[in-house]
Amino acid sequence: MIRITLPDGSQKEFDHPATVSEIAAAIGRRLAKEALVGRVDGRLVDLSHVVPQDARVEILTGDAPEGVEILRHSTSHLMAQAVKQLFPEAQVTIGPAVENGFYYDFAYKRPFTLEDLTAIEGRMKELVRQDLPVARNEMPRDEAVAFFRSQGEEYKARLIEEIPADQTISLYRQGDFIDLCRGPHVPSTGKLGAFKLQRVAGAYWRGDSRNEQLQRIYGTAWPNQKALDAYLHFLEEAEKRDHRRLGKELDLFSLQDEAGGGLVFWHPMGSRIRGVIESFWKERHTAAGYEMLHTPHMANLELWRTSGHTEFYAESMFRPLTVDEQQYQIRPMNCPFHILIYKDRLRSYRELPIRWAELGTVYRYEMSGVLHGLFRVRGFTQDDAHIFCREDQIEQEIQAILDLTMEILSTYGFKHFDVYLSTRPDKAVGSDAIWERATTALRNAISARGLAFVEDVGGGAFYGPKIDVKITDAIGRKWQCSTIQLDFNLPERFDITYVGDDGERRRPIMIHRALMGSLERFFGILVEHFEGRFPLWLAPVQAAVLTITDAQNDWALAVRDQLRAVGLRVDADTRNEKIGWKIREHTLKKVPYLLIVGDKEKQNGTVSLRARSGQDLGVISAAEAVERLLTESRARRASDQPTP
RNA sequence: GCUGGCGUAGCUCAAUCGGUAGAGCAGCUGAUUUGUAAUCAGCCGGUUGAGGGUUCGACUCCCUCCGCUAGCUCCA
C-alpha cells in the first residue's frame, strides 16, 4: 500500500506504485486534464513518473509559476522540433525557459529571417495539433554522446561530455525529435498552445564572445491565449511609455550623433525636472546629516592606481589622457576623491560618522552595442555618498540609509521594495570575522526596518557585502536603483584612519551608497513610470494660463505672475488661437493644470481650472488657484490625479 | 565589439517591375478674436545616412563604411 499526501494534507492510497498522472486522476478529472508536471517530495517530475513509495505529491498546472516555467521550456523544445523539421541541417544547442518566455540557440549556416519565424511558428502549431506524446528515456553518458554525434548534433555531444561519465542522461522524445534534457516536460505537445515567436538574435556559444555565434530565437509562451494577449498588450503599453519616445515628444533630452553615443543632452524641460529632483535630494540629505561635496571630473592616473581601479576596473574606464607629461584619468567613480578629502587632515572618532554626498558625474566605457537611451550611457551623474564610520556604527547607519531610501523613492510613488543582501564571495579582502560582523549588521538593519529580503549568498563584491533595493514601476517592472555597499578595501588602500578614544589610529569602515543610482537612468524610469504625466511637483510646466481672446492678455499675465511669484513654473499662452487648440497643445505636453481666462474671469478676478485629465475643476479666484497649486506642489504628491 | 533589423523633409510615414522624390504634422507669412483636445490660405523645407559600383536611368540592385535598434548570464 502506498500513501500519497497532498498539499492540503489529505491522503490517497494506492495498491501499486502510481504515476503522477494516476494520482492527478484520482484527485479529479479537471486536474488530470490540466496537469502539466508533478512535484514529489519537493522534486519536479514528469506526469509519467512512477511514485514508488509513500510521498508528498503536488500536481502543478499552468496556474503555478513552476508549471508555466515547464510550459515555456517544453515550448522551446517544440520550437526546436519545428526548426529541425524545416531546417534539417540546423544543430540544436540549448533552449531554456526565461522570464516571460524561452529561447533556443541553433547553429545554422545562415541567420533565420522573419519569414522563417512565421514558418516555424506554423509548424509548431501543427505539432501541437498532432498532440505528440513527450516521453522520457535514460541512457548512459557515453552512449548519449555517441548517439548525438551520430545524429550530427556536435553541440549536444559536447554538452553531454561535460557531464560526469558515471551519470545517467535523460532524453526526451516527441515524434521524430529527440533532445537531451534534464526535464521535466509536459506530457504531450497538445498541452502547449499560447505562444508567439518574437525575434531572432545572435548569441555566443556558452555566452562567450570568443566562441562561435549561434542563432537564438526568442519566444513567449503562456498557459492560455488570454494570458498571452495580456502579455502582448503589456509590451505595447511599455512601448507607449518608452522614455526615448516621450523624451523627444516632450522635448526633455536628446542623444546627439555628432557628440557620440551614450552622452546625454538635457533640454530645458528635462533640466527643470532634474533641478527639482536634485533640490529634493539635497534637502533630504541635508536633513539626514549629509554634507555636500564637489570634486573634479578627472585626476592623475596615480590616484586610480592607488584605488585599484586601473587593475580591477580597467575595461570600464576611458583611456587616460596626457597632460604636462602626466597621465590623467577621467573618473569612472567618485569615491577616491571623497577619500582624498577625508585624508586631507587628521580625523577623530568624534567626527564619525562622516556622511559626504555628491551628485558626481562619472564616465564609463560601455560597449557601443549596449547603449540604450538613458538607461545605459557613458556619462552619467550618480547620487553618490560615502559614509566613513566605526564598525559599531554600521547597523544604525544602514538603517538610516534605508529610511532615507524609502522616504525619497516613495515620494516618487514607488511603494514596493525588493531588498537583496549579498554576502561574501570566494575571493574577498578582509578577515572572515569582519565580514561576519558586517553582514550581521546589514541583516539586522534590514530586519529592524521590517523589510523582507532575499539573501544572495556569495553575491557580494570582493571588498564588502551589499544591499540592493529594487523598485516596481506603474506597470509592474522592477528596476534596481539603490545600492548600499560596505567597503573594507579602499580604506586599506588609501590607508585612511581616525584617532580613537584611546588615542590609537584606527581604520574606518567605508559605505558607498546611491539611492537613485544614475540620475539619467532614474529620470528615464520616472518618464516611463509616469508615462510623461509628471505629478505637479515634478512637472516642468506646472500650469498654463490660456486666454480666450487677446482682450484677456493683461489678466492672464497677471495670473501667471502671481503663480510665478510663489515659485510655480507657469506659462501664459496669449497666442491668437482658439481655446480648443490651446487646450489640446498643452494637454499633449502633459501640463497638469490649465487656467482658462475669458472676459467673465477677467471681470471677476477668477480663472477656470482644468485638470490634465480633462476634469473641469470649476471657476475659482486667482488667489485660490495660487493656494491650491502651491499646496499640492509642496506636498510632493506622487499621484497625477488632481486634488479632489 | 559581434549577429539580425532599420536609416526618405525637424517629426510620423508614402513612392507599383529600376523611370521626374510625395503627404500630414511642425516651422514661416497672412487672414481669423474664437469658451474647454485640431479655423483657413499661401510659402519654405531633400546631395533619399556617407562613399563607391552596375545601368540609358538607382530611394529601389551590389559592395564598403557610419548611425540607430533588438539581442549577446540564466539547470544540458
Side-chain angles (χ1 to χ4, degrees), chain A residues 44 69 73 76-77 92-99 102-105 108 110-114 116-117 141 144-145 148 153 155-164 167 169-172 179-184 198-218 242 244-245 248-249 251 254-258 260-262 315 365-373 546-553 574-589 594-601 608-619:
Chain A
L44 290 174
E69 201 183 320
H73 189 192
S76 90
H77 276 237
V92 294
T93 67
I94 64 167
V98 294
E99 200 178 356
F102 60 90
Y103 67 77
Y104 209 116
D105 288 345
Y108 193 50
R110 63 164 176 87
F112 294 112
T113 64
L114 291 175
D116 293 337
L117 289 197
R141 190 199 73 161
V145 171
F148 280 104
E153 298 288 2
Y155 289 90
K156 280 289 176 197
R158 274 152 69 178
L159 285 170
I160 307 170
E161 278 173 337
E162 290 171 22
I163 298 173
Q167 204 165 314
I169 302 301
S170 59
L171 303 179
Y172 279 80
D179 199 1
L180 161 75
C181 191
R182 173 181 292 170
Q198 294 171 295
R199 62 182 72 89
V200 56
Y204 299 102
W205 168 244
R206 292 307 211 185
D208 188 332
S209 59
R210 286 168 303 192
N211 290 340
E212 57 272 40
Q213 192 153 24
L214 308 172
Q215 300 299 321
R216 173 172 297 181
I217 301 178
Y218 278 92
D242 192 316
R244 294 167 298 183
R245 214 169 67 96
K248 184 173 251 322
E249 276 173 25
D251 202 11
S254 61
L255 297 149
Q256 303 284 339
D257 292 355
E258 290 165 81
E315 63 190 31
Y365 173 72
E366 298 278 7
M367 286 194 292
S368 59
V370 304
L371 300 176
H372 178 84
L546 317 183
T547 52
I548 302 291
T549 73
D550 55 18
Q552 301 94 39
N553 285 359
T574 58
R575 292 174 306 163
N576 175 12
E577 295 288 352
K578 292 171 81 166
I579 192 65
W581 179 251
K582 292 186 185 181
I583 287 170
R584 177 182 160 77
E585 284 208 321
H586 292 95
T587 303
L588 288 175
K589 288 290 182 194
L594 300 182
L595 287 63
I596 293 151
V597 297
D599 281 335
K600 282 178 291 195
E601 287 79 9
S608 172
L609 190 63
R610 179 190 161 105
R612 176 163 54 192
S613 61
Q615 194 183 347
D616 182 355
L617 301 172
V619 176

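Remember, it's a predicted structure, so these values are computed and weren't measured experimentally. Proteins get letters first, then strands, A, B, ... in listed order; numbering begins at 1 in each.
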Can you tell me the Watson-Crick or wobble partner of B:rG18, both distances under 3.5 angstrom? none
If only atom types and distance count, is the side chain of A:Lys582 paired as donor or acceptor with the main-chain N or O of A:Arg575 below 3.5 Å? yes
If the C1' atom of B:rG71 is compared with that of B:rC13, how far apart are they to the nearest Å? 27 Å
Using heavy-atom distances to pick each residue's nearest nucleotide on RNA chain B, tell me which of A:Asp179 and A:Tyr218 is more 5'. A:Tyr218
Does a sphere of radius 6.0 Å around CD in A:Gln256 hold more than 12 heavy atoms from other residues, nucleotides or ligands, not counting ones at 6.0 Å or beyond? yes
What nucleic acid atoms does A:Ile596 come within less than 4.0 Å of, heavy atoms only: base, sugar-phosphate, or nothing? base
Does A:Glu161 reach a base, just sugar-phosphate, or nothing at all? Heavy atoms under 4.0 Å. nothing
Rounding to an integer number of angstrom, what distance separates B:rC72 and B:rG10 when you compare their C1' atoms? 35 Å
Classify A:Gly580 by what it touches in the nucleic acid, base, sugar-phosphate, or nothing, heavy-atom distance under 4.0 Å. sugar-phosphate
What distance, rounded to whole Å, do you find between the two P atoms, one in B:rC6 and one in B:rG24? 28 Å
Below 3.5 Å, does any donor atom in the side chain of A:Asp550 face an acceptor in the base of B:rU33, or the other way round? yes
Could you check which nucleotide pairs with B:rU48 in any of the strands shown, counting Watson-Crick or G-U wobble with both distances under 3.5 Å? none
Check every atom of B:rU36, B:rC72, B:rC75 against the side chain of A:Arg216 and return the nucleotide holding the closest atom. B:rC72
For side-chain contact (heavy atoms from CB on, under 4.5 Å), just list the numbers for A:Phe148 and A:Leu171, CA-CA rounded to whole Å, side-chain angles, deciding distance to a tenth of an Å, and then say yes or no. CA-CA 11 Å; A:Phe148 280 104; A:Leu171 303 179; 3.5 Å; yes
Distance check: side-chain N/O of A:His372 vs OP1/OP2 of B:rA70, anything under 4.0 Å? yes
Test side-chain contact (heavy atoms from CB on, under 4.5 Å), reference A:Tyr155, set A:Asp105, A:Leu214, A:Ile94, output is A:Leu214
Give a yes/no answer on whether the side chain of A:Tyr103 brings an N or O atom under 4.0 Å of OP1 or OP2 in B:rC74. yes
Counting side-chain heavy atoms from C-beta on, which of B:rG1, B:rU39, B:rG35 comes nearest to A:Trp581? B:rU39
Whole-angstrom distance between B:rG67 and B:rA31, as gauged at atom P: 48 Å
Provide the distance between the two C1' atoms, one in B:rA15 and one in B:rU60, to the nearest whole Å. 10 Å
With a 3.5 Å limit on both atom pairs, tell me what B:rG5 is paired to, counting Watson-Crick and G-U wobble, or say none. B:rC68
Can you say whether the rings of A:His77 and A:Tyr104 are parallel (under 30°), tilted (30 to 60°) or perpendicular (over 60°)? perpendicular
Give A:Thr93 one of three labels, base, sugar-phosphate or nothing, depending on what nucleic acid heavy atoms sit under 4.0 Å from its own. sugar-phosphate
Using only side-chain N and O atoms of A:Arg610, determine if any of them is under 4.0 Å from OP1 or OP2 of B:rA37. yes
What's A:Glu601 touching, base or sugar-phosphate or nothing? Going by heavy atoms closer than 4.0 Å. base
Provide the distance between the two C1' atoms, one in B:rG22 and one in B:rA14, to the nearest whole Å. 7 Å
Watson-Crick or G-U wobble partner of B:rA58, both distances under 3.5 Å: none
Check: A:Glu161 main-chain N/O paired with A:Arg141 side-chain donor or acceptor under 3.5 Å: yes
Same-atom distance (P) from B:rU54 to B:rU73, integer angstrom: 43 Å
How would you label the contact of A:Leu588 with the nucleic acid (heavy atoms, under 4.0 Å): base, sugar-phosphate, or nothing? base
Contact class for A:Arg244 (heavy atom, under 4.0 Å): base, sugar-phosphate, or nothing? sugar-phosphate
Sub-4.5 Å side-chain heavy-atom contact between A:Asp599 and A:Ile548: no
I'd like to know if A:Arg182 reaches the base of B:rC75 with its side chain such that a donor and an acceptor end up less than 3.5 angstrom apart. yes
Counter-base of B:rC25, judged by Watson-Crick or G-U geometry with both distances under 3.5 Å: B:rG10
Using atom P of each nucleotide, how far apart are B:rC59 and B:rG19 to the nearest Å? 10 Å
Paired to B:rC40 by Watson-Crick or G-U wobble criteria (both distances under 3.5 Å) is B:rG30
